[in-house]
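Every heavy atom of this structure was used, including side-chain atoms; hydrogens, water molecules and symmetry mates were not.
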Amino acid sequence: MVHTSSEGQPLLLAREVSFRYRPQGRPVLQDCDLQINLGDRLLLEGPSGGGKSTLAAVLTGLRKPESGSLLLWGFDRQILGSEEWRRRVVMAPQFQENYVFSETFAFNLLMGRRWPPSPEDLEQAEGICRELGLGELLDRMPSGFQQMVGESGWQLSHGERSRLFIARTLLQDADLIILDESFGALDPENLYRALQCVLNRARTALVIAHP
């Protein structure tokens, strides 16, 4: 078990991290340094193709850096284990890389937490949904949390799907959540709601966005 209360210990520390997709390709990341402390709220902005999503994939353990060091609570991935790393650092990928499964709304929310859910899980899921402005959707769907969604079920709008992905990420109760372009489909009112929910609920958050 990793203890997360070490005084002065960064949550995540990257030193001179480099990454390329092909051995002879150009580096997408080169000598990147980053320190994230518990409780930080960080915004990473940059143009398309600048390596933001690649950095997120490296931080979440989905990609292995070519060189450099990456530590979570002072442990590297080999010591901590990939499963534990991914439990503690969770990402909502870009919209086109995220999915609504042909299952219940509850499953789509809580699939990364545990299944079947406890009453407390469902209570927290409802609270987050209502903070994100999805309360009207819950009330409108005939079966509520048990409503089938996805291709063969209730069709969610672009903005509803975006907020579902944010809720799914928050409900995994990770030390660090990374939201990759998660707010782009939201109108100003729902963007404000979603951002406030993330600020209130996430222990530590890194938001990736276009300028």
Side-chain angles (χ1 to χ4, degrees), residues 10-21 26-63 65 68 70 72 85-100 108-109 111-112 125 127-134 137 156-211:
L11 190 167
L12 192 146
L13 185 65
R15 285 287 178 263
E16 299 184 349
V17 167
S18 297
F19 177 86
R20 69 183 82 206
Y21 286 98
R26 69 174 181 84
V28 181
L29 304 174
Q30 189 164 17
D31 297 330
C32 291
D33 291 338
L34 177 66
Q35 178 173 319
I36 300 176
N37 298 311
L38 186 65
D40 281 351
R41 276 87 174 95
L42 304 174
L43 174 63
L44 176 61
E45 288 186 319
S48 296
K52 303 185 302 299
S53 295
T54 302
L55 176 61
V58 169
L59 297 181
T60 54
L62 298 174
R63 301 277 185 182
L70 190 63
L72 182 63
W85 190 291
R86 292 180 188 178
R87 189 181 72 81
R88 291 181 175 272
V89 183
V90 173
M91 176 173 63
Q94 291 186 14
F95 188 88
Q96 67 273 15
E97 298 175 3
N98 219 333
Y99 301 95
V100 176
N108 273 279
L109 284 167
M111 55 180 287
I128 287 177
C129 283
R130 294 193 182 278
E131 286 181 30
L132 289 169
L134 291 172
L137 172 66
L156 302 177
S157 71
H158 201 90
E160 288 166 346
R161 291 175 65 187
S162 293
R163 284 173 284 166
L164 165 62
F165 299 149
I166 294 171
R168 179 190 290 170
T169 306
L170 288 170
L171 283 162
Q172 293 180 61
D173 199 28
D175 293 340
L176 168 64
I177 68 166
I178 301 174
L179 301 174
D180 192 357
E181 305 284 355
S182 296
F183 300 98
L186 303 180
D187 60 64
E189 180 181 351
N190 282 315
L191 189 154
Y192 177 78
R193 275 181 160 180
L195 186 57
Q196 286 301 121
C197 181
V198 169
L199 293 175
N200 291 336
R201 295 276 188 170
R203 294 177 185 167
T204 313
L206 171 62
V207 173
I208 296 173
H210 285 297

**Report entry** Least distance between heavy atoms, V100 atom then R161 atom
**Finding:** CG2-NE, 3.6 Å
Query raised in the report: What are the two closest non-hydrogen atoms of N108 and R168, and how far apart are they?
Result: O-NE, 2.7 Å
Query - Main-chain N/O of E16 paired to D33 side chain as donor or acceptor, under 3.5 Å - result: yes
Query raised in the report: Is there a donor-acceptor pair under 3.5 Å between the side chain of T60 and the backbone N or O of V90?
Result: no
Query raised in the report: To the nearest 0.5 Å, how far apart are CG in L179 and OG in S162?
Result: 11.0 Å
Report task. Over all heavy atoms of both residues, which pair between C197 and E131 is shortest? Give the atoms and the distance, please. Result -> SG-OE1, 3.5 Å
Requested in this report: Could you tell me whether the side chain of D187 and the main chain of N190 form a donor-acceptor pair under 3.5 Å?
Outcome: yes
Query raised in the report: In terms of heavy-atom contacts, does OH of Y21 have more than 12 from other residues, nucleotides or ligands at under 6.0 Å?
Result: yes
Report task. Answer yes when R203 and D173 have at least one side-chain N-carboxylate O distance shorter than 4.0 Å, and no when they do not. Result -> yes
Query raised in the report: Going from CG on L206 to CG on L12, what distance comes out if it is rounded to the nearest 0.5 angstrom?
Result: 9.5 Å
Query - Side-chain donor or acceptor of S18 paired with backbone N/O of D31 under 3.5 Å - result: yes
Query - Spacing of CG belonging to L132 relative to CG belonging to L137, to within rounding of 0.5 Å - result: 11.5 Å
Query raised in the report: Are L72 and L11 close enough that some pair of their side-chain heavy atoms sits under 4.5 Å apart?
Result: yes
Query raised in the report: Which atom pair, heavy atoms only, marks the closest approach of L59 to W85?
Result: O-NE1, 2.9 Å
Query raised in the report: Between R163 and G133, is there a donor-acceptor pair closer than 3.5 Å when you use the side chain of the first and the backbone of the second?
Result: yes
Report summary line: Of all heavy-atom pairs linking H210 and E45, the shortest is O-OE2, 3.7 Å
Requested in this report: Hey, could you give me the CD/CE distance between Q172 and M111, rounded to the nearest 0.5 Å?
Outcome: 8.0 Å
Query raised in the report: When rounded to the nearest 0.5 angstrom, what distance separates CD1 in I36 from CD1 in I178?
Result: 6.5 Å
Query raised in the report: Which pair of non-hydrogen atoms, one from M91 and one from A56, has the smallest distance, and what is that distance?
Result: SD-CB, 3.4 Å
**Report entry** Criterion side-chain contact (heavy atoms from CB on, under 4.5 Å) on I177 and V198, from CA distance to verdict
**Finding:** CA-CA 9 Å; I177 68 166; V198 169; 4.3 Å; yes
**Report entry** Trace of the side-chain contact (heavy atoms from CB on, under 4.5 Å) decision for K52 with D180
**Finding:** CA-CA 8 Å; K52 303 185 302 299; D180 192 357; 5.6 Å; no
Query raised in the report: Taking C-beta and beyond as the side chain, do D175 and T204 meet within less than 4.5 Å on heavy atoms?
Result: no
Query raised in the report: Do the side chain of R41 and the main chain of L199 share a donor and acceptor less than 3.5 angstrom apart?
Result: yes
Query raised in the report: CG/L164 to OG/S157 distance, rounded to the nearest 0.5 angstrom?
Result: 10.5 Å
Query raised in the report: With side chains defined as the heavy atoms from C-beta onward, is the minimum distance between I208 and L55 less than 4.5 Å?
Result: no
